[in-house]
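A short worksheet on the structure shown next.
Below, all heavy atoms of this structure are taken into account, side chains as well, without hydrogens, waters or symmetry copies. No experiment lies behind these values; they were computed from the predicted model shown. Chain A is the first sequence line, chain B the second, and so forth, proteins listed ahead of strands; every chain is numbered from 1.
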There are 2 protein chains.
Amino acid sequence: MRTETGAFSAPLPADCSPALPLNEILIGDCLEQLARLPAASVDAVFADPPYNLQLESTLSRPDQSLVDAVNDDWDKFDSFSHYDSFSRSWLKAVRRVMKPEATLFVIGSYHNIFRVGSTLQDEGFWILNDIVWRKANPMPNFRGRRFTNAHETLIWAAKDSAAKNYRFNYELLKAGNEDCQLRSDWLFPICTGAERLKGSDGRKTHPTQKPEALLARILIAATNPGDVVLDPFFGSGTTGAAAKRLGRHFVGIERDKTYAAAARARIDAVETLPEAAIALTPSKRTEPRVAFSAIVEAGLIAPGDSLVDDKQRHRATVRADGAITLGPVVGSIHKIGALAQGLPACNGWTYWHFAQGGKLQPIDALRTVARGKLREAEA
Amino acid sequence: MRTETGAFSAPLPADCSPALPLNEILIGDCLEQLARLPAASVDAVFADPPYNLQLESTLSRPDQSLVDAVNDDWDKFDSFSHYDSFSRSWLKAVRRVMKPEATLFVIGSYHNIFRVGSTLQDEGFWILNDIVWRKANPMPNFRGRRFTNAHETLIWAAKDSAAKNYRFNYELLKAGNEDCQLRSDWLFPICTGAERLKGSDGRKTHPTQKPEALLARILIAATNPGDVVLDPFFGSGTTGAAAKRLGRHFVGIERDKTYAAAARARIDAVETLPEAAIALTPSKRTEPRVAFSAIVEAGLIAPGDSLVDDKQRHRATVRADGAITLGPVVGSIHKIGALAQGLPACNGWTYWHFAQGGKLQPIDALRTVARGKLREAEA
DNA sequence: CAGCACAGTGAATCGGCGA
DNA sequence: CTCGCCGATTCACTGTGCT
């Protein structure tokens with residue numbers, strides 16, 4: 001049932017049971033495999049259970065191309081109560097295997113995360129944080145019927161409320177984040193490009209491969225080099241890849257042999273970082289994009305105020321929602337600016353002006369102010 | 001039991017029951033007050049239910065000054081199941097009062113949101129999105145044992161899975177956001193400064209006052225001017241303040257007379273924005289349908305005229321009955337457009353063009369003209 | 001080779017109306 | 001109910017191929 005042990009350079013944990021199969025992918029049912037592991041043996045758990053997505057039919061993009069949706073059998077459940085009993089059973093089994101100071105990370109979307117969160121609270125886990133993975137490049141909502149589903153939620157929990165000595169590398173994270181304590185909202189791109197595993201046909205190997213950067217942050221936050229992280233839904237093996245790169249050990253459980261084989265090959269190709277490099281994660285910062293609605297919300301300009309072009313030929317009115325009106329027409333600062341000039345496009349930030357001390361100022365000046373405030377707030 | 005009706009300038013909803021007490025704060029138990037409201041009478045609900053906060057001992061900052069934690073009597077529940085039955089009862093009562101097309105927003109933190117989310121799914125609500133309120137200026141984690149709790153979670157849900165026609169002002173939100181559809185992560189500062197209600201002693205009036213900008217975005221997204229929003233945990237009245245400012249009506253329920261009085265005074269001081277700043281304009285989705293045959297009948301285009309795509313790869317002919325022909329095939333502008341491109345579907349209004357003064361114009365321009373004539377005729 | 005245009009794609013509970 | 005048709009709807013990024 002086991003694949004071969006990968007060559008590995010991380011130090012062996014001093015207190016680990018000899019029965020714990022380190023750096024292996026156990027192929028089979030998650031509950032059966034968990035039952036074979038020794039109690040209180042792992043330092044951390046990352047779990048990416050099926051989300052129970054329920055798309056009713058196919059979805060096409062505005063250009064009529066089809067979205068390749070998650071439609072696998074492993075993601076199908078008959079009801080909430082079936083899903084809940086599934087959650088209860090794997091959470092129980094995972095909890096037995098956790099050391100007292102170990103913590104659990106579970107990731108999910110609104111389809112399943114509220115059920116998982118309730119269930120793990122019922123099972124005695126103690127939630128430390130919920131963490132938001134903000135996707136830098138999510139798939140849009142093609143029908144314009146909802147907000148772009150731009151994040152997933154992680155729950156970070158200790159084994160119970162008495163576990164006060166859970167592992168958390170606070171100083172390390174702070175040092176890697178410009179000396180600022182890490183917030184509960186994390187920004188990462190989704191997994192694409194060279195990192196994304198693809199088969200010989202060029203199609204994605206696994207429908208929901210997680211970015212390695214996400215797992216790296218989790219492992220840096222909640223484990224030390226040489227620790228063991230368990231992943232009961234191993235999939236494409238991101239947990240294993242991040243663990244090996246960062247000098248941690250992993251135990252993976254995966255039902256699907258194809259996924260397990262792809263994960264094994266992927267992990268074997270990973271090289272552990274030199275010890276000195278393992279300490280810190282780079283944190284990317286990007287210039288915040290500021291919407292005109294944020295200017296209105298911040299009170300820098302009031303709904304009902306007038307905007308004019310520099311020669312005062314056109315006069316528009318600011319709306320509470322951050323759109324503007326010109327006569328009967330409502331639209332963005334850019335669209336309405338284009339309309340006023342009879343042009344196909346327009347930069348509303350430089351076209352529209354507001355009066356300040358008898359003088360006209362482009363609204364772009366307000367954006368500069370808002371960016372300053374934003375940086376202050378985030379620093 | 002009621003406070004006085006506030007002076008208010010929003011238009012009365014045409015179909016609202018006379019028993020719905022508009023723009024009032026009903027003082028008393030939330031379940032009792034909800035039971036008195038007529039069924040299917042409100043357009044939206046915002047709920048900020050008490051959090052089951054678990055601060056075990058007094059928390060102090062590094063400088064030993066005390067943190068004024070949420071520690072009032074209404075915030076103590078002895079167990080998860082007690083909290084769940086509380087959630088179930090208010091969610092049931094709220095659901096009865098919602099119109100079929102109404103939606104619900106609930107806000108919470110990791111202490112309670114997973115319980116509330118599960119319960120509302122069990123009660124038949126259909127989650128549309130979970131939304132993250134990212135706090136620009138959260139309170140840091142003083143002990144350095146967790147991530148900074150920098151967000152709260154909102155659940156947006158329709159009354160049931162069949163409610164497809166829930167209200168959502170997609171186009172407005174997009175226009176206010178740089179012509180880019182709004183994501184599920186929202187950035188707002190927490191409520192501080194002049195906006196934060198304070199008593200004569202200078203202490204904050206309510207422990208968890210929400211920023212008005214957050215409520216404003218919710219109301220802009222999910223209600224129209226003149227709509228009624230219900231808030232069963234009214235607190236400091238942010239929902240009422242935002243509703244009045246944006247020309248919506250509210251119904252508030254609050255148990256604590258001190259909070260209700262502070263909220264009433266606060267709302268009375270709010271002025272409704274000018275209509276141009278809040279009025280809805282018709283979106284493509286809500287405009288009356290115009291058949292292509294009506295365009296032909298109105299003489300805006302003549303039978304026998306040619307239609308081409310923007311690159312002039314295909315040429316169709318207009319028929320007197322409003323169908324078009326492409327070679328031997330006859331069909332609607334949409335069907336023939338799809339056929340020409342070999343796609344499963346096509347919007348013929350934007351695909352087909354006609355020549356005007358040497359330039360190509362989409363036939364959608366003719367539809368705009370026809371709709372204008374229609375409005376004139378009706379006026 | 002640089003630069004640009006265009007195609008492809010990602011955990012997604014993604015209509016309304018009349019017959 | 002279902003069926004059929006109208007007609008509305010996308011952001012950030014990667015990879016490829018042409019000029």
Side-chain angles (χ1 to χ4, degrees), chain A residues 48-72 74-77 80 107-113 133 135-153 189-196 198 202-204 206-211 233 235 286 289, chain B residues 101 121 125-130 156-158 160-166 168 170-171 174 177-184 283-293 322 331-335 337-338 344-352 363-364 367:
Chain A
D48 184 8
Y51 285 13
N52 192 21
L53 297 183
Q54 296 157 40
L55 187 65
E56 292 196 354
S57 59
T58 57
L59 178 67
S60 55
R61 299 188 176 82
D63 67 2
Q64 307 301 329
S65 65
L66 274 185
V67 172
D68 181 16
V70 175
N71 195 22
D72 304 77
W74 50 254
D75 199 42
K76 295 198 193 318
F77 294 85
F80 284 136
I107 188 166
S109 67
Y110 67 84
H111 311 85
N112 71 326
I113 198 67
W133 167 30
K135 301 182 183 184
N137 47 351
M139 178 153 65
N141 184 290
F142 295 117
R143 292 292 154 90
R145 297 293 298 155
R146 304 181 178 198
F147 299 99
T148 307
N149 217 328
H151 74 276
E152 293 187 21
T153 302
I190 60 174
C191 181
T192 58
E195 189 187 330
R196 187 86 196 214
K198 296 191 184 79
R203 291 169 54 105
K204 55 193 178 194
H206 192 278
T208 68
Q209 185 180 341
K210 296 290 174 290
F233 307 99
T286 52
R289 181 171 177 160
Chain B
E101 68 273 20
Q121 285 181 314
F125 284 96
W126 192 246
I127 299 182
L128 299 169
N129 277 117
D130 60 337
W156 182 38
D160 55 63
S161 66
K164 301 284 190 189
N165 61 334
Y166 55 86
F168 182 49
Y170 174 79
E171 295 83 5
K174 187 173 168 177
N177 189 48
E178 298 282 282
D179 286 322
C180 183
Q181 64 177 214
L182 220 53
R183 298 168 41 116
S184 57
S283 69
K284 276 197 172 180
R285 266 188 256 262
T286 57
E287 288 263 69
R289 293 202 169 196
V290 176
F292 187 63
S293 61
S332 70
I333 50 172
H334 312 295
K335 276 277 162 62
C346 163
N347 183 343
W349 292 109
T350 52
Y351 180 73
W352 294 111
I363 56 176
D364 205 21
R367 188 166 58 156

C1' atoms of C/dC14 and C/dG10, separation to the nearest Å: 15 Å
Nearest-angstrom distance from the residue atom NZ of A/Lys204 to C1' of D/dC13: 15 Å
No-H, no-angle donor-acceptor pair, A/Lys135 side chain to D/dA12 base, under 3.5 Å: no
Nearest-angstrom distance, P atom, C/dC1 to D/dT16: 16 Å
Distance, C1' atom - from C/dA11 to C/dA7, rounded to whole angstrom: 23 Å
Whole angstrom value for the distance that separates P of C/dT9 from CD of A/Gln64: 16 Å
Nearest to side-chain heavy atoms of B/Asn347, which nucleotide of D/dT9, C/dT9, D/dT10: D/dT9
Check against side chain to side chain contact (heavy atoms under 4.5 Å, CB included), A/Thr148 and A/Lys135: CA-CA 10 Å; A/Thr148 307; A/Lys135 301 182 183 184; over 6 Å; no
Integer-rounded Å distance: D/dA12 C1' and A/Asn149 CG: 16 Å
Nucleotide nearest A/Asp68 when distance is taken to its side chain, options C/dG16, C/dA11, C/dG10: C/dG10
Donor-acceptor pair under 3.5 Å, B/Glu171 side chain vs D/dT9 base: no
Out of C/dC14, D/dT10, D/dG7, whichever nucleotide has its closest atom nearest the side chain of B/Arg367: D/dG7
Side-chain donor-acceptor pair present, A/Lys76, A/Asn71, cut-off under 3.5 Å: yes
Whole-angstrom distance between C/dT9 and D/dA8, as gauged at atom P: 27 Å
Closest to side chain of A/Thr192, choosing from C/dA11, D/dT14, D/dG7: D/dT14
Check: A/Tyr51 and A/Ile107 side chains under 4.5 Å, non-hydrogen atoms: yes
Residues B/Glu171, B/Arg285: salt bridge by 4.0 Å N-O rule: yes
Protein-nucleotide distance (B/Arg289, atom CZ; C/dA19, atom P), rounded to Å: 13 Å
Spacing between A/Asp72 atom CG and C/dA11 atom P, to the nearest angstrom: 12 Å
Selected nucleotide, minimal atom distance to A/Asp75 side chain, candidates C/dA11, D/dT9, D/dC13: C/dA11
First of A/Arg143 and A/Ala194 reached from the 5' end of DNA chain D, by closest nucleotide: A/Arg143
Donor-acceptor pair between A/Ser109 and A/Glu152 side chains, under 3.5 angstrom: no
base_contact_polar (C/dG10 base, A/Arg61 side chain, donor-acceptor, <3.5 Å): yes
Distance, rounded to the nearest Å, where A/Lys198 contributes NZ and C/dG10 contributes C1': 11 Å
Among D/dC6, D/dT10, D/dA8, the nucleotide that comes nearest once only the side chain of A/Asp63 is considered: D/dT10
Interatomic distance where CZ belongs to A/Arg196 and C1' belongs to C/dT9 [whole Å]: 10 Å
Lys/Arg-Asp/Glu bridge criterion (N-O < 4.0 Å) met for B/Asp179, B/Lys174: no
B/Asp364 vs A/Pro138, nearer the 5' end of DNA chain D by closest nucleotide: B/Asp364
Proximity to the side chain of B/His334 - top-ranked nucleotide from C/dA11, C/dC14, D/dC6: D/dC6
Between P of D/dT14 and CE of A/Met139, the distance in whole Å: 17 Å
